[in-house]
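Chain A is the first sequence line, chain B the second, and so forth, proteins listed ahead of strands; every chain is numbered from 1.
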Amino acid sequence: MLRLPDRSARSGGSTVHIRFNGRELEARAGEPIAATLLANGIRTIRHQLRGGEPRGLYCAIGHCFDCIATVNGVPGLRTCLTPVADGMEVTSADS
Amino acid sequence: MKFDVAIVGAGPAGLTAATCVARSGLSVVVLDEYYRPGGRLLGQIYEDRRKPAGQREWNGQAFAAALEAQLREAGGRILPGQTVWDIEAGWTLHLAPGPDRELTARAVIIATGAMERAVPVPGWTLPGVMTIGAAQVLTNVHNIAPGERVLVVGMDALSLSITGEMIAAGVEVVGVVLPPPGAFAGDLGVPKEVIGELSRAAALAPNLALRLGGHVFGGALRGVAAHLARVEVLRAWGVPLRLRTSVIEIIGRERVEAAVLCRVDASGRLGDKSDTVSVDAVCISGGLSPLSDLVRIAGAPVVEVPQLGGIVPVHGPRLETRVPGLFLAGNVIGVEGAAVAAAQGSVAAIGAMRYLGVIQNDEAERALAEAQNDVVRARRSQAFQFLPKVEEGHRYVDAIWRDERPLRSTPISFGLVGPPALTVCRCEGVSLAEVLGAFDDGATAVAGVKKRTRACMGRCQGRVCEDVLLRLALSRGQPNLLRHRPRVPARPVRMSEF
């Protein structure tokens, strides 16, 4: 389990659920999708079209675009910048 | 939407500038890609032992919250979660995703901060490999460990600080090693240079030395510098700092499974003895570099100043650029700490207010002098300086501003670069062999490499690999490789968002 104890008790701790490629995941309200994926042991977010390499979170602050996915039908969103919302559908976009 | 002043970047520089502008009665908006204001303050949590008991914890999130509250109190607006993808003189800023797709302003302050410099390592595109800054965000902002067993690559004050933060949070860090020696890592891959740099940092910043563990820093490091040939490993918080070990490859199928480590001599020559360590996350530190893409799109000239971390916009004492109405603040003009960035925010705000005629000559000059002194005070009292020669770098930019100094660049010479299949451009999956082929084919500018290989043409718009291409060109004796011109949109946007 990669979640660490919350040292500042700032998150408020409410739980929401999202789906990634059909799998239901528990998320903490207020965190970005990429954080939820990693906390649930998911590192591969998509595969490169050229060469098929797996890709995941790299810079975590929106600079690199490696962590993009389709969110509620909108393609190419940076999962590191997009906060989770209950019922959100996230799918890998091979791109 | 119409504002007197638009500010890009809601870190310490942007928020401080905005408050200063708002208090003068002008309307101001701060835009940021992240969904929370604060910029890199959000990841900063550490103890400053020079401060009296009770005030020792430096909590970046609390500081960010205070800056935000102060701005709201002054009547400024913050639009988080908005990407600025074009800036047209006059000024029009184009935003995504909206709902408002553009706004106009009479002056603009760019406070986009810095980004991490990439150090390509074979296997660095595998999920589980991330920047050291990503490790800090995961650990300190989201309370998530980067991995079960983490390897840190790169031994500098920032990476060691973040290693300490990870340990404090309960993350297992199996070791800190050096990046592969060569053109990409430069001095960061050479043990004697790394030790020299750490000794300097420790001597300049006793507080940092304390944070990093007194048993490692202070006098001990200087001893190491003298006896580097015999010292292989230091320990901080129980984590081995392997001074004579480089990572040469990261391996795994769908994700990081292990890292291959190799001995390296004091001058950065790899030995032939290697071993493999099982890890699921590798966090690479390559230093920070100012993020100037929007400034370049807005038409302001830039110059390479290694003392400031890389390419910085040419600017004057009011943090104005060569483009009237365009101002700068924070790490976009040189990599420093949050307090310096905040002080620069006030300077830029006064510059913009003077440009807009809200404050007049004498009053403006007095306020400016005071704000400029605050920058110097903040610089000299910061817990530690990322780059040792920042003041020299700023003096150089001042001279360029006054047209007193010719542009120059500093050649470096590191022959070794990496295996042909090494990915150089992550977005387009362009290999080292392809890029070297483009140079051999006569490319003399980043644009030439881009046209031949697609490197720099992907989603990140060259933010990650342009710097890598420049270092590669330097290593081939092409110190004047022309930088590419960042193009609109500065970030990919959907057609429907145009």
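Between E257(B) and R43(A), no side-chain nitrogen of the basic residue sits less than 4.0 Å from a carboxylate oxygen of the acidic one, so the salt-bridge criterion is not met. Salt bridge absent: E89(A) and R23(A) never bring a charged side-chain N and a carboxylate O closer than 4.0 Å. Ion pairing of D66(A) with R78(A) is absent here, as no side-chain N (NZ or NE/NH1/NH2) approaches a carboxylate O to less than 4.0 Å. Between R487(B) and D293(B) there is no salt bridge, since no side-chain N of the basic residue sits under 4.0 Å from a carboxylate O of the acidic one. Taking the charged nitrogens against the carboxylate oxygens, R3(A) and E31(A) do have a contact shorter than 4.0 Å, which makes a salt bridge.
In this structure, no portion of I284(B) lies under 4.5 Å from any heavy atom of chain A. Contacts of E53(A) with chain B are made by side-chain atoms alone, with heavy-atom separations under 4.5 Å and no backbone atom involved. For R463(B), the part lying under 4.5 angstrom from a heavy atom of chain A is the side chain only. Of the two parts of C80(A), only the backbone, made up of N, CA, C and O, holds a non-hydrogen atom closer than 4.5 Å to a non-hydrogen atom of chain B. Within the 4.5 angstrom heavy-atom criterion, only side-chain atoms of T83(B), from C-beta onward, approach chain A.
Between chain A and the options G39(B), P146(B), G43(B), heavy-atom pairs under 4.5 Å are most frequent for P146(B). Ranked by heavy-atom pairs shorter than 4.5 Å toward chain B, the options L38(A), T82(A), I45(A) are led by L38(A). By number of non-hydrogen pairs under 4.5 angstrom with chain A, the leading residue of G133(B), G170(B), G81(B), A134(B) is A134(B). Chain A forms more heavy-atom pairs under 4.5 Å with one residue of Q136(B), R40(B), R253(B) than with any other, namely R40(B). Of the listed residues (A135(B), A118(B), G128(B)), the one with the most heavy-atom contacts under 4.5 Å to chain A is G128(B). Considering only heavy-atom pairs separated by less than 4.5 Å from chain A, the leading option among L291(B), D280(B), V256(B), L126(B) is D280(B). Here C59(A) is the residue among C59(A), G62(A), A39(A) with the most heavy-atom pairs under 4.5 Å with chain B.
Residues V153(B) and V282(B) have side chains in contact (heavy-atom distance under 4.5 Å, counting atoms from C-beta outward). For the pair V152(B)/S285(B), no side-chain contact is recorded, criterion being any heavy-atom separation below 4.5 Å from C-beta on. L37(A) is not listed as a side-chain neighbour of L57(A), based on a closest heavy-atom distance of 4.5 Å or more.
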